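Single-structure report; data block below.
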Amino acid sequence: MNVRRSAAALAAVAVIGTAAPAVAADSSPSPSPSAVLPSGLYGHTDPKYDGVWRQSLALLAQHTAGVRPAAKAVDWLAGQQCANGAFAAFRADPARACDAKVMVDTNSTAAAVQALAALGGHGSATAKAVTWLKSVQNKDGGWGYTPGGPSDTNSTSVVVGALAATGLKPADVRKDGKPGGKSPYDALLKLALPCTGGDAGAGAFAYQPDKKGKLAANADATAAGVTAALGQGLAAKPAPKAGAAPHCTDSGRATPERAAANGASYLAESVAKNGYLTSVLPGSTDQPDYGNTADAVVALAAQGGAGQAQKPLRWLEKHSEAWAKQSGPAAYAQLIFAANATGTDPRDFGGTDLVAKLSATGPAPQPATSESAKAKDSAKDNSSGFHGWWFVAACLVAGIGIGFLFSGRKNRRQP
C-alpha cells in the first residue's frame with residue numbers, strides 16, 4: 001500500500017498506489033462531480049480526505065511545468081485555510097469558521113504552503129500556515145500527521161518542504177525557538193536505520209518506531225526522508241552535480257546529507273532488479289507501487305543527479321499511464337515531479353502528455369503569458385529559413401511597428 005506522506009490510511013482505496021493522504025477509508029460512493037464537487041477542485045472523486053492534498057500537488061505540478069493554474073483553482077485552495085493558518089484535508093463549507101470539530105493536519109497545511117509559495121502572491125497565507133506549523137512542532141524536532149501526534153518521517157518531511165519553500169532554513173526551526181531545541185533534521189536522523197547491524201533495510205528511513213522503539217524500513221518514508229534531508233520539497237530539483245552511485249555508511253558524524261545518501265542507497269538497491277518498488281495488500285501478492293516509485297525517482301535524482309534515477313524513470317514511462325488515469329490529479333502530479341527532477345519532458349512522458357492529462361482533471365489553466373507566446377513565436381520563426389531576425393529587421397525598416405507589438409505583449413505579461 002502506498003502510504004502517501006501521512007500516518008493515515010488512504011481514502012477510498014480503489015487502486016494500488018493512490019497518491020493522497022487520508023485519515024480512514026471512506027466506503028461511501030464518490031459524489032457526483034457536477035452536483036457536489038467545487039468547480040475549482042481538481043479530481044472527480046470524494047475530496048473528504050484528500051481535497052487539499054491533491055489540489056496542492058496539482059497546482060504545484062502545473063507551476064513546475066510552466067502552466068498558470070486557473071484562478072478559481074488557486075482561490076479554492078487558499079479559501080480552505082482556517083483563521084489560525086492551518087488547513088484541513090477538506091472543508092465542504094469554507095465560509096464557516098473552523099472549530100474544534102475541524103481536523104486540521106500538518107500534511108495538508110505543508111502541501112498547501114508549498115503550492116501557494118510557488119505560485120506567489122500568498123505571502124500572508126503561507127506565513128500564517130508556517131507559524132501554525134511551528135506551533136505544533138514536537139520536542140524531538142519533528143511533526144506528526146495531527147498536532148501532538150508522534151513524529152513520523154513523512155509528516156516531518158513535507159513540513160521541511162514547506163519551510164524551505166518559504167525561505168526558511170529547516171535546521172534553524174527549533175521547538176519554541178530555543179537554541180538547544182531539536183530541529184527537523186534531528187527528528188529525521190533518529191528515524192534513519194543504520195547501515196550496519198544486520199537489520200534489513202540498511203540506510204532506509206522508518207515511518208515511525210514501533211511500540212518497542214524498533215525501526216523498520218519504509219520505502220515511501222525513505223523517499224520523503226531523502227528529499228527532506230536535502231532541504232527540498234515535493235517538487236525537488238536534481239542534484240546540481242551528478243555523483244557516484246550512493247553507498248551506505250555509518251562512518252563519520254551523522255548528518256542530514258549522509259542520511260540522504262544512505263536512504264538513496266536503499267532506494268537504488270530496491271529498484272535495481274525490476275525498476276520499481278512494490279506494495280503488499282493483505283491476501284495479495286507483491287504488486288508495483290507506482291506512487292512510491294515516482295517518489296523514489298525524485299529522491300534519487302535530488303541526491304545524486306538524474307542519472308541515478310534512470311531505471312525507475314524508464315519503468316514509469318512505460319507502465320504508469322493506466323495508474324495515473326485511474327488515480328487522478330495527484331498521481332499525474334507525482335509523475336510530473338519525477339519528470340522535473342530528471343530533466344524529462346512531462347509533455348512527452350513515455351508518449352503521454354502529463355500536463356494536459358492533469359489539466360483535464362480540473363478547471364482549464366489560464367492562457368499562456370506573453371512571455372510564453374513570444375517564446376513560441378520565436379521557435380516558429382527559427383524553424384523557417386525566411387523568418388527570424390532578418391525578418392524582424394526588415395519589418396522595423398518598413399516601419400510596421402513591431403516594437404509596439406512587443407511592447408504591448410510586455411505590458412500584458414502577468415506576474
Side-chain angles (χ1 to χ4, degrees), residues 3 5 138-144 150-161 164 169-175 180-232 236 238-273 277-278 292-293 295-305 307-309 311-312 341:
V3 183
R5 308 277 189 215
N138 291 330
K139 290 183 178 180
D140 63 6
W143 285 266
S151 298
D152 66 77
T153 295
N154 298 63
S155 298
T156 301
S157 296
V158 73
V159 174
V160 165
K169 294 181 179 180
D172 295 337
V173 178
R174 300 172 183 272
K175 180 65 177 176
K182 301 293 185 180
S183 78
Y185 294 143
D186 291 316
L188 289 175
L189 290 175
K190 281 194 172 183
L191 290 165
L193 277 74
C195 297
T196 57
D199 292 336
F205 284 86
Y207 174 70
Q208 278 179 335
D210 63 18
K211 294 181 179 179
K212 296 182 179 179
K214 187 175 181 179
L215 301 178
N218 180 294
D220 185 52
T222 302
V226 168
T227 54
L230 296 169
Q232 298 212 59
K241 184 177 181 181
H247 68 282
C248 196
T249 177
D250 293 327
S251 64
R253 185 172 64 90
T255 64
E257 293 77 17
R258 182 71 262 160
N262 291 347
S265 174
Y266 168 81
L267 292 174
E269 183 177 344
S270 298
V271 299
K273 181 179 179 180
L277 296 172
T278 58
N292 282 350
T293 301
D295 289 346
V297 167
V298 174
L300 288 169
Q303 194 279 323
Q308 303 295 337
K311 188 166 186 176

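Note that the structure is a prediction, hence the values are computed from the model and not measured.
Taken from CZ in Arg258 to OG1 in Thr249, the straight-line distance is 5.5 Å, to the nearest 0.5 Å. To the nearest 0.5 Å, atoms CD (Gln208) and CG (Asn154) are separated by 9.0 Å. Between atom NZ of residue Lys273 and atom OG1 of residue Thr278 there is a gap of 10.5 Å, rounded to the nearest 0.5 Å.
When each of Val271, Asp295, Leu267 is paired with Pro312, the side-chain contact (heavy atoms from CB on, under 4.5 Å) condition holds for Val271 and for no other.
Scanning all heavy atoms of the two residues, the minimum distance from Pro170 to Pro184 falls at O-CD, 3.1 Å. When every heavy atom of Asn292 is checked against every heavy atom of Leu277, the shortest pair comes out as O-CD1, 3.5 Å. Thr227 and Ala236 make their closest contact through CG2-CB, 4.2 Å (heavy atoms, listed as atom of the first residue, atom of the second, distance). For the residue pair Cys248 and Gly203, the shortest heavy atom distance occurs at SG-CA, 3.5 Å. Scanning all heavy atoms of the two residues, the minimum distance from Ala268 to Pro246 falls at CB-CG, 4.5 Å. Here the closest heavy-atom approach between residue Leu300 and residue Ala309 is recorded as CB-CB, 4.0 Å.
Considering only residues two or more places apart in sequence or on other chains, Pro209 meets the side-chain contact (heavy atoms from CB on, under 4.5 Å) condition with Leu191, Leu215. Remark: Leu188 pairs with Thr153, Thr156, Ser157, Tyr185, Phe205, Ala228 by the side-chain contact (heavy atoms from CB on, under 4.5 Å) rule, at least two apart or across chains. For Ala204, the side-chain contact (heavy atoms from CB on, under 4.5 Å) partners at least two apart in sequence or on another chain are Ala217, Thr222, Tyr266. Applying the side-chain contact (heavy atoms from CB on, under 4.5 Å) rule to Ala229 yields the partners Pro256, Ala260; only residues at least two apart in sequence or on another chain are considered. Ser151 is linked by a side-chain hydrogen bond (donor to acceptor under 3.5 Å, both in side chains) to Asn138, Asp140, counting only residues two or more places apart in sequence or in another chain.
A donor-acceptor contact shorter than 3.5 Å is absent between the side chain of Gln303 and the backbone of Ala239. Asp250 places a side-chain N or O within 3.5 Å of a backbone atom of Cys195 that can act as its donor or acceptor partner. In terms of modelled atom types and a separation under 3.5 Å, the side chain of Ser183 and the main chain of Val173 share no donor-acceptor contact.
With hydrogens and angles left out, the side-chain atoms of Asp152 and Ser155 include a donor and acceptor closer than 3.5 Å.
Each salt bridge (Lys or Arg N to Asp or Glu O under 4.0 Å) pair with one or both residues in residues 180-194, not counting sequence neighbours, appears once here: Arg174-Asp186.
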